[in-house]
Amino acid sequence: LPSTGILLHPGEARASSEPISPRHPRSKSAGETPLILIVDDDPVSVKILAEFLDLRGYAHMEASDGKQALGLLLHNPGVKIVLLDIMMPGMSGYETLAKLRKERSSSELPVIVTTTRSQLNDISDWFRAGANDYIIKPFSFDELSNRIDNLLAATAAGERTEPGIRIKGTDGEHYLNCGEIIYLSS
């Protein structure tokens, strides 16, 4: 990564309590852009995501593991979305997500899981752990951009961002989260 990036490699020392400045794209001023945290142990994936976010006009920060990500989130409350890899050494994405959800709800800080796993039980596990959305690697940048934009818009409007469905009935509107939905098909 260029020297303006903040990806820390496992051998690089930095206290998790030390504030870190986000990398901002050149096309917009820092105050206008949503801040996104990339959490992935693969430097190639981080570089690709960082370049994509730069092109789309998002500010971003990078963490190479769950512990570092939680430290960044503690000292950077302006993060609007987390792109979280699930399969990481040390603290896994699942553990990171569980610790994050003890501090911030899925409506406060949406998390998009980025992974190569696509089994139905994996997807259910991510949602139960508190993920708002997921995307399977390799993915389309347009798809990721749409998912980010939708979550940012819902968060800004104060809407629920937990995965589920909204049902309008005669007695008002109800929201069923993924755990309450049973899908039957013939």
Side-chain angles (χ1 to χ4, degrees), residues 1 5-10 16 34-56 58 60-73 79-155 160-165 175-185:
L1 286 175
I6 60 167
L7 174 67
L8 297 181
H9 297 284
S16 63
L35 179 57
I36 297 174
L37 175 61
I38 302 166
V39 186
D40 199 314
D41 63 314
D42 177 22
V44 173
S45 292
V46 172
K47 183 174 175 37
I48 290 168
L49 284 169
E51 289 178 4
F52 158 75
L53 293 173
D54 281 344
L55 288 172
R56 299 290 187 179
Y58 297 114
H60 55 87
M61 304 173 80
E62 297 120 19
S64 59
D65 61 45
K67 184 176 180 182
Q68 184 186 17
L70 294 172
L72 286 172
L73 289 169
V79 172
K80 300 296 182 197
I81 288 187
V82 176
L83 301 177
L84 178 65
D85 182 33
I86 288 294
M87 306 303 290
M88 295 186 294
M91 185 185 298
S92 73
Y94 287 108
E95 293 171 286
T96 304
L97 189 52
K99 290 183 182 218
L100 172 61
R101 288 298 176 235
K102 289 180 181 177
E103 301 298 322
R104 296 180 68 184
S105 73
S106 58
S107 292
E108 289 177 276
L109 181 60
V111 173
I112 299 174
V113 168
T114 61
T115 184
T116 57
R117 301 181 65 155
S118 61
Q119 298 297 315
L120 288 177
N121 59 331
D122 292 325
I123 295 167
S124 295
D125 289 345
W126 304 326
F127 286 136
R128 276 196 298 278
N132 298 75
D133 204 349
Y134 71 95
I135 192 161
I136 306 298
K137 297 175 187 177
F139 48 78
S140 151
F141 287 130
D142 285 338
E143 180 182 2
L144 179 58
S145 185
N146 288 333
R147 290 172 187 266
I148 290 170
D149 290 344
N150 288 341
L151 284 171
L152 288 171
T155 303
R160 299 178 77 131
T161 58
E162 299 91 350
I165 59 172
Y175 190 84
L176 298 175
N177 67 34
C178 277
E180 299 170 321
I181 300 171
I182 299 173
Y183 177 74
L184 301 175
S185 176

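- With a 4.5 Å cut-off on side-chain heavy atoms, F52 and L83 do not count as touching.
- Atom CD1 of I112 sits about 7.5 Å away from atom CD1 of I135, to the nearest 0.5 Å.
- I81 contributes atom CD1, which lies 5.0 Å from atom CG of L151 (distance to the nearest 0.5 angstrom).
- Contact detail for L109 and V82: the closest heavy-atom pair is CD2-CG2, 3.9 Å.
- Two residues are said to be in side-chain contact when any heavy atoms from C-beta on lie closer than 4.5 Å; N150 and D133 fail this criterion.
- Put simply, the side chain of T96 gets close to the backbone of S92: a donor and an acceptor are under 3.5 Å apart.
- The side-chain heavy atoms of L35 and M61, taken from C-beta on, include a pair separated by under 4.5 Å.
- When atom types are taken as modelled, the side chain of R147 and the backbone of Y134 share a donor-acceptor pair closer than 3.5 angstrom.
- Side chains of F141 and I48 form a contact here, defined as non-hydrogen atoms less than 4.5 Å apart.
- Two residues are said to be in side-chain contact when any heavy atoms from C-beta on lie closer than 4.5 Å; L100 and L70 meet this criterion.
- Panel note: side chain N132, backbone S106; a donor-acceptor pair is recorded below 3.5 Å.
- Look at K137 and D40 and you find a salt bridge, because one of the NZ, NE, NH1 or NH2 atoms lies within 4.0 Å of a carboxylate O, short of that distance.
- For E62 against L72, the heavy-atom pair with the smallest separation is O-CD1, 3.6 Å.
- The side chain to side chain donor-acceptor pair (under 3.5 Å) pairs that include a residue from residues 116-125 are R117-D122, D125-R128, where partners are two or more places apart or lie in different chains.
- Nearest heavy-atom pair, T155 versus E108, reported as atom, atom and distance to 0.1 Å: CG2-O, 4.4 Å.
- Distance check: T114 OG1 to I38 CD1 gives 9.0 Å after rounding to the nearest 0.5 Å.
- In this structure, E103 does not pair ionically with K99, as no charged nitrogen and carboxylate oxygen lie closer than 4.0 Å.
- Counting only heavy atoms from C-beta outward, the side chains of D41 and P89 approach each other to under 4.5 Å.
- Salt bridge annotation for K47-D42: absent, with no cationic side-chain nitrogen under 4.0 angstrom from a carboxylate oxygen.
- Here the CD atom belonging to E143 is positioned 11.0 Å from the CD1 atom belonging to I148, to the nearest 0.5 angstrom.
- Considering only residues two or more places apart in sequence or on other chains, Y94 meets the side chain to side chain donor-acceptor pair (under 3.5 Å) condition with W126.
- The minimum heavy-atom distance linking P110 with K80 is given by the pair CD-O, 3.2 Å.
- Between the CD atom of E51 and the NE2 atom of H60 there is a distance of 9.0 Å, given to the nearest 0.5 Å.
- Pairing each heavy atom of L84 with each of G93, the nearest pair is CD2-O, 3.5 Å.
- Smallest separation of non-hydrogen atoms from V113 and A131: CG2-CB, 3.6 Å.
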